[in-house]
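See structure below.
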Amino acid sequence: NSPWGIVTTFALTGFMGYTLGPIIGAFVAAGASSIVAQALTLTAVAFVGLSATAIITKKDFSFMSSFLTAGAFVLIGAMLLAFLMESSVLHLAVSAGFTIFASIMILFETSQIIKGGERNYVIATVGLYVSIYNLFVSLLHQHWAGSDVHWFPGNHLLHLQQGRYLRLMKKFMDRNVHPDAPDQPAL
C-alpha cells in the first residue's frame, strides 16, 4: 500500500498489454479479428458472472486455496510436458486447464476482496488483472486451435506446432522473395 505499489502495478499491466498487442495484431492481420472479439466477449461475461456469484452469494471461497496451489503446479508441469512433446492436443488441454484455473482464481480473488481476506489493494488489483489476462489469452488460444495463427516468442504460452509454423513461414518467404533482389540467404 505505497505509491511504489501503484507504479509497479502500472508497469506490470503496461508490460502485459505490450505483450498482448502483437498477439492481437497477428490475429487481425490473419483476418481473425472475430476470434479476438469472441474471446474478449467470453472473458467479460465470465468475469462479470463469476464476480457476481461471489458478490451475490457472499460465500467464502477460501477453501479453494489448496486446489489452486496444486492446480498451479499441475499446469506448470503440463506446460513443460506439452513443450517437450509438441502435441497440439496437449497444448489445447493445457489451455483449457488455464481457462478453468483463471476462472476459479477470479471467483477466489473476488471472494477474498469482499470478505476482507485481501486488504492490500495493489495485490488484489494485480491478482484480478492477471487472472482476467490469463482467461482471455487461454480463450483466444482455444478459439484459434484450427487457424494458421501461431504464438510468437515472448508470450507466456508455448509454441503450438512450431515445426509446422516454421515450414509455412519458409514457404511464404520463398514464394515472396523479390526476384530482382541479390542472392538471398537460405532459411
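If you're wondering where the values come from, they're calculated on a predicted model, not measured in any experiment.
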Student check: side-chain heavy atoms of Lys115 and Lys58 closer than 4.5 Å: yes
Within-4.5 Å side-chain heavy-atom neighbours: Phe101 and Leu135: no
Between [atom1] on residue [X] and [atom2] on residue [Y], distance to nearest 0.5 Å:
| X | Y | atom1 | atom2 | answer |
| --- | --- | --- | --- | --- |
| Thr43 | Leu140 | OG1 | CG | 8.5 Å |
| Gln112 | Ser65 | CD | OG | 8.0 Å |
| Phe67 | Thr69 | CZ | OG1 | 10.5 Å |
| Ile23 | Phe136 | CD1 | CZ | 8.5 Å |
| Leu20 | Tyr133 | CG | OH | 5.0 Å |
| Ile24 | Ile35 | CD1 | CD1 | 12.5 Å |

Could you list the residues that satisfy side chain to side chain donor-acceptor pair (under 3.5 Å) with [X], not counting sequence neighbours?
| X | value |
| --- | --- |
| Ser62 | Asp60 |
| Thr125 | none |
| Ser103 | none |

Results of side chain to side chain contact (heavy atoms under 4.5 Å, CB included) for Ile100 - residues two or more places apart only: Ile104
Contacts of Phe63 that satisfy side chain to side chain contact (heavy atoms under 4.5 Å, CB included) - sequence neighbours left out: Lys59, Phe61
Donor-acceptor contact present, side-chain Ser111 to main-chain Leu107, <3.5 Å: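 No: the side chain of Ser111 does not pair with the backbone of Leu107.
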Any donor-acceptor N/O pair, Ser33 side chain to Val28 backbone, under 3.5 Å: no
Donor-acceptor pairs under 3.5 Å, side chain of residues 10-17 to any protein atom, not counting sequence neighbours: which ones?
residue : atom : partner : partner atom : Å
Thr13   : OG1  : Thr9    : O            : 2.9
Thr13   : OG1  : Phe10   : O            : 3.2

Joint cluster assignment, Ile114 & Leu68, ILVMFWY side-chain distance < 4.5 Å: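 No, it is not one cluster - the side chains of Ile114 and Leu68 are not joined through contacts under 4.5 Å.
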